[in-house]
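Report on the following structure.
Just the heavy atoms: all of them, side chains too, but no hydrogens, waters or symmetry mates, feed the values below. Quantities reported herein were computed from a predicted structural model and do not represent experimental measurements.
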Amino acid sequence: MRLTILGGGGFRVPLVYGALLRDHAEGRVTHVTLHDLDRARLTAIARVLADQADGVPDAPSVTVTTDLDEALRGTEFVFSAIRVGGLEGRAADERVALAEGVLGQETVGAGGIAYGLRTVPVAVDIARRVARLAPDAWVINFTNPAGLVTEAMSRHLGDRVIGICDSPVGLGRRVARVLGVTDPAAARLDYVGLNHLGWLRGVYAGDGPGRDNLLPALFDDERALTSFEEGRLFGAEWLRSLGLVPNEYLHYYYFNRETVTAYREAKQTRGAFLRDQQARFYDGMANRTSASGALAAWDRTRAEREATYMAENREAAGAGERAADDLESGGYEYVALALMRAIARDEHATLILNVRNGDTLSLLDEAAVVEVPCLVDATGARPVAVSPLTGHEAGLVAAVKAVERCVLEAGESGSARAAVKAFALHPLVDSVGVARRLLDGYRSAHPGLGYLRS
């Protein structure tokens, strides 16, 4: 089976390849094509993969290309993990927003909107090419903002594009472990929302329809409630007030002022840190003459990256350093592999994915992409029935989906008016005047946004 990875020079590609190396079942991936616009990054990551594969029997073969059509033609699965504008673009997104006193995070608030405006036209072009060159392929989208980009691509690929994120899975496993579930990976999670805007409402273990929701017991146990990352991030009192556990990215909403202050006071923004860190890694790879030692160099860089994840939020919350259990994410590579297996081998699975809503959430239309548990088999992913969103969760989801629709309109039509509207309507941007200045700032920072016209 053939797999194409778009953004194949990206830093996290070895995570995916490592998962493929551990898959020995029939029908596994036998060939991986890495596509990227940056030949040097492709060469660096190819060296890491060669070091990973050393001594592994029947490791998937790897080829690299900068030709998108060549990468797509005849493939069966496409993993899309592109970063339009690179990490320099992410750093600029943060800088422009913070200058206006608002959040510039990669997927949330003004920064997420700017990233979406850069990415949507490119994602749409990829979707059209997949439809033309590999019409039977399945696209698994990792590209952020994942829900927004998946929805943009779904307008051309329908249900054959599915978005993934490791945050809900990581949250569910951490909570299930604290609740004493023997196999946290097998727990059924009642989780609902949009990408990076969702809530865990229930955890169920065991078999049969009579299973009880274990989550309420968590709120009665102070020690347990503050023993995992989200508990320390949000605080026990706030989690009890909510009666559910939010995705970590909701910290940007619930503690916005504190987080913006922490970002402004930080020595570097997250994007600037990653830009500089990865520049050192790729420069080091360029000086190597063989693959030997490439994996160890990559792993050292990865460990530092994981340990500093959401550092500003933890500082704002007084949550301290990440614990060992917190460093274990949901494993987006494992989510991707489980999804691919379920489709390719008709292995039934239940996964939290970004898919078209259908009639799952009544407050959104059928085409809106949501993040919910799905049943997956050879026919694709279908959202399971969930109880309705209520209260402030419904309000936030509706508001942010309206923003996403404005971004899609701007990205597809080139309307600067729609782009300003997207910024102005976001709950974390408090002024139309600020929205206009944000767009002006982003157009100055990113020449690629010149397509936005009045």
Side-chain angles (χ1 to χ4, degrees), residues 1-8 10 13 16 20 23 26-37 60-82 84 119-165 195 332 335-349 351 353-358 365-370 374-383 408 411-413:
M1 187 164 63
R2 284 189 55 193
L3 166 65
T4 294
I5 302 179
L6 307 182
V13 168
V16 175
L20 296 177
D23 182 19
E26 184 178 350
R28 67 190 182 91
V29 170
T30 56
H31 182 82
V32 177
T33 298
L34 304 181
H35 170 269
D36 205 289
L37 301 179
S61 59
V62 177
T63 58
V64 301
T65 181
T66 56
D67 185 319
L68 180 56
D69 288 357
E70 177 187 332
L72 293 176
R73 196 171 284 112
T75 195
E76 292 158 273
F77 283 89
V78 177
F79 288 3
S80 180
I82 63 173
V84 180
T119 305
V120 165
V122 179
V124 167
D125 177 63
I126 290 170
R128 287 171 173 161
R129 290 181 190 231
V130 170
R132 185 176 75 251
L133 299 170
D136 295 327
W138 291 88
V139 176
I140 300 176
N141 178 55
F142 305 166
T143 300
N144 279 324
L148 169 66
V149 172
T150 300
E151 186 165 331
M153 298 182 84
S154 73
R155 295 181 176 185
H156 304 274
L157 295 171
D159 292 330
R160 295 191 80 85
V161 58
I162 300 167
I164 68 168
C165 180
N195 180 238
Y332 89 119
V335 179
L337 186 60
L339 173 58
M340 188 166 58
R341 279 177 174 171
I343 293 173
R345 305 173 193 169
D346 200 21
E347 295 180 358
H348 293 216
L351 302 168
L353 301 168
N354 286 265
V355 296
R356 293 199 290 186
N357 177 53
D365 61 67
E366 293 182 358
V369 165
V370 296
C374 297
L375 297 175
V376 189
D377 57 23
T379 64
R382 300 173 305 284
L408 290 172
E412 294 180 357
S413 70

Item to complete: Decide yes or no for Arg341 and Asp23: does some side-chain heavy atom of the first lie under 4.5 Å from some side-chain heavy atom of the second?
Response: yes

Fill in: Arg2: salt bridge (charged side-chain N to carboxylate O under 4.0 Å, His left out) partners, not counting sequence neighbours
none

Practice prompt. Determine the minimum heavy-atom distance between Ala336 and Ile164, stating which atoms define it.
Written response: CB-CD1, 3.6 Å

Discussion item. Quick one, Leu20 and Met340 - any side-chain contact, counting heavy atoms below 4.5 Å?
Written reply: yes

Discussion item. Suppose we screen for side chain to side chain donor-acceptor pair (under 3.5 Å). Which residues come up paired with Glu347, at least two apart in sequence or across chains?
Written reply: none

Worksheet item: Taking C-beta and beyond as the side chain, do Val16 and Val32 meet within less than 4.5 Å on heavy atoms?
Response: no

Considering only distance and modelled atom types, tabulate donor-acceptor pairs under 3.5 Å from the side chains of residues 136-149, sequence neighbours left out.
unit_1, atom_1, unit_2, atom_2, d
Asn141, OD1, Thr143, N, 3.1
Asn141, OD1, Thr143, OG1, 3.4
Asn141, ND2, Thr143, O, 3.2
Asn141, ND2, Ala146, O, 3.3
Asn141, ND2, Thr150, OG1, 3.0
Thr143, OG1, Ser80, O, 3.0
Thr143, OG1, Ser80, OG, 3.3
Thr143, OG1, Ile82, N, 3.0
Asn144, OD1, Ala146, N, 3.4

Worksheet, complete the sentence: side chain to side chain donor-acceptor pair (under 3.5 Å) filter on Asp36, not counting sequence neighbours, yields none

Worksheet item: Would you say the side chain of Asp69 lies within less than 4.5 Å of the side chain of Arg132, judging by non-hydrogen atoms?
Response: yes

Worksheet item: Is any side-chain heavy atom of Ile343 less than 4.5 Å from a side-chain heavy atom of Ile162?
Response: yes

Worksheet item: Who pairs with Asp377 by side chain to side chain donor-acceptor pair (under 3.5 Å), at least two apart in sequence or on another chain?
Response: Thr379, Arg382

Discussion item. Applying side-chain contact (heavy atoms from CB on, under 4.5 Å), can you list everything that pairs with Ser61, at least two apart in sequence or on another chain?
Written reply: His31

Discussion item. Measuring only between side-chain heavy atoms, which start at C-beta, is Phe77 closer than 4.5 Å to Val29?
Written reply: no

Item to complete: Give the minimum heavy-atom separation between Ala342 and Val376, together with the two atoms involved.
Response: CB-CG1, 3.6 Å

Worksheet item: Do Leu6 and Ile126 touch side chain to side chain, with heavy atoms closer than 4.5 Å?
Response: yes

Practice prompt. Check Asp159 against Arg356 and note the closest heavy-atom contact, atom names and distance.
Written response: OD1-NE, 2.9 Å

